[in-house]
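Let me begin by presenting the structure, written as structure tokens, before commenting on it.
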Amino acid sequence: MATTKAPDAGRRSDRSRRAIHDAALALVTEQGYRRTTIEGIAARAGVGKQTIYRWWPSKAAVLMDAFLDLAGRTAEDAGVAPEPDGAASSGGSAPGFPDTGDLAADLKTVLRATVDELNNPVLEAVTRALTAEGIVDAKLGAEFVQQLLDPQLALYVTRLRAAQEAGHVRAEVDPRIALELLIGPLMHRWLLRTLPLTHAYADEVVDYAIGGLTPRA
């Protein structure tokens, strides 16, 4: 007599999680964070509310997990394999951060990519939602920094330290402060929508910052 294969609970859970992630991202993009609800996510994903609450304590937690999953998939699609805990690779450059020997060119490449990500309608809505919610929810904000921002910032630190070793950046410069000269202006313009966020602006930010980082005659 033919036997019936038992359903793969793990595979079913993976499908449900992905459906919930996709539903959360889609709803936030379409109608904003405030109008997105657990009920709406459940209905869009085709699961019960209890399924969502079994894995996540809140809407914000669902969105955080969905965004991290999206970021991971984006990195995989780009052929970037992130190191554990944002650690640098054993070579001279950090994974996902170019090291051509031309610091300005490398920084412009990365900041232009950052501009593209911030201007991406799918990523923008979710990033703004998490940023806003992280301001009022300290726990969520800390998780956002630890899981997403810190590993990315570590790549800047590694590249700037390599530039210091090569004599392209002054030895006394603190890489952690220096990277804020690069990222801070982009985030300010993006968050407040003061002016368009463009590649040309990213290039100018690099040029202005490099003037303060390079050795002085």
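- Counting only residues at least two apart or on different chains, the salt bridge (Lys or Arg N to Asp or Glu O under 4.0 Å) pairs with a member in residues 27-44 are Glu30-Arg44, Glu39-Lys49.
- When each of Thr194, Leu118, Val115 is tested with Arg189 by the rule side chain to side chain contact (heavy atoms under 4.5 Å, CB included), just one qualifies, namely Thr194.
- The aromatic rings of Phe67 and Phe144 sit tilted relative to each other, their planes meeting at an angle between 30° and 60°.
- Within the 3.5 Å criterion, the main-chain N or O of Arg17 finds no donor-acceptor partner in the side chain of Trp55.
- Trp56 places none of its side-chain heavy atoms less than 4.5 Å from the side chain of Ile38.
- In this structure, Glu204 has no side-chain hydrogen bond (donor to acceptor under 3.5 Å, both in side chains) partners at least two apart in sequence or on a different chain.
- Between Arg128 and Glu124, at least one side-chain nitrogen of the basic residue sits less than 4.0 Å from a carboxylate oxygen of the acidic one, meeting the salt-bridge criterion.
- Neither side chain, Asp102 nor His168, offers a donor N or O lying under 3.5 Å from an acceptor on the other.
- Not one N or O on the side chain of Glu117 forms a donor-acceptor pair closer than 3.5 Å with the backbone of Leu123.
- Legend: salt bridge (Lys or Arg N to Asp or Glu O under 4.0 Å) pairs involving residues 51-62, not counting sequence neighbours: none detected.
- For residues 193-203, the salt bridge (Lys or Arg N to Asp or Glu O under 4.0 Å) pairs, not counting sequence neighbours, are Arg112-Asp203.
- Asp207 pairs by the salt bridge (Lys or Arg N to Asp or Glu O under 4.0 Å) definition with Lys108, not counting sequence neighbours.
- Shown here is His199, whose NE2 atom has more than 12 heavy atoms of other residues, nucleotides or ligands within 6.0 Å.
- With values rounded to the nearest 0.5 angstrom, His21 atom NE2 is found 11.0 Å from Ser16 atom OG.
- Here Thr131 contributes atom OG1 and Met187 contributes atom CE; the two are 5.5 Å apart, rounded to the nearest 0.5 Å.
- Taken from CZ in Phe97 to OG1 in Thr158, the straight-line distance is 9.5 Å, to the nearest 0.5 Å.
- Judged purely by atom type and a 3.5 angstrom limit, Arg176 has no side-chain atom pairing as donor or acceptor with the backbone of Leu153.
- Side-chain atoms of Arg18 and Asp69, non-hydrogen and from C-beta on, do get closer than 4.5 Å to each other.
- In this structure, the separation between CG on Leu191 and CG on Leu186 is 10.5 Å, given to the nearest 0.5 Å.
- When the side-chain hydrogen bond (donor to acceptor under 3.5 Å, both in side chains) test is applied to Asn119, no partner is found at least two apart in sequence or on another chain.
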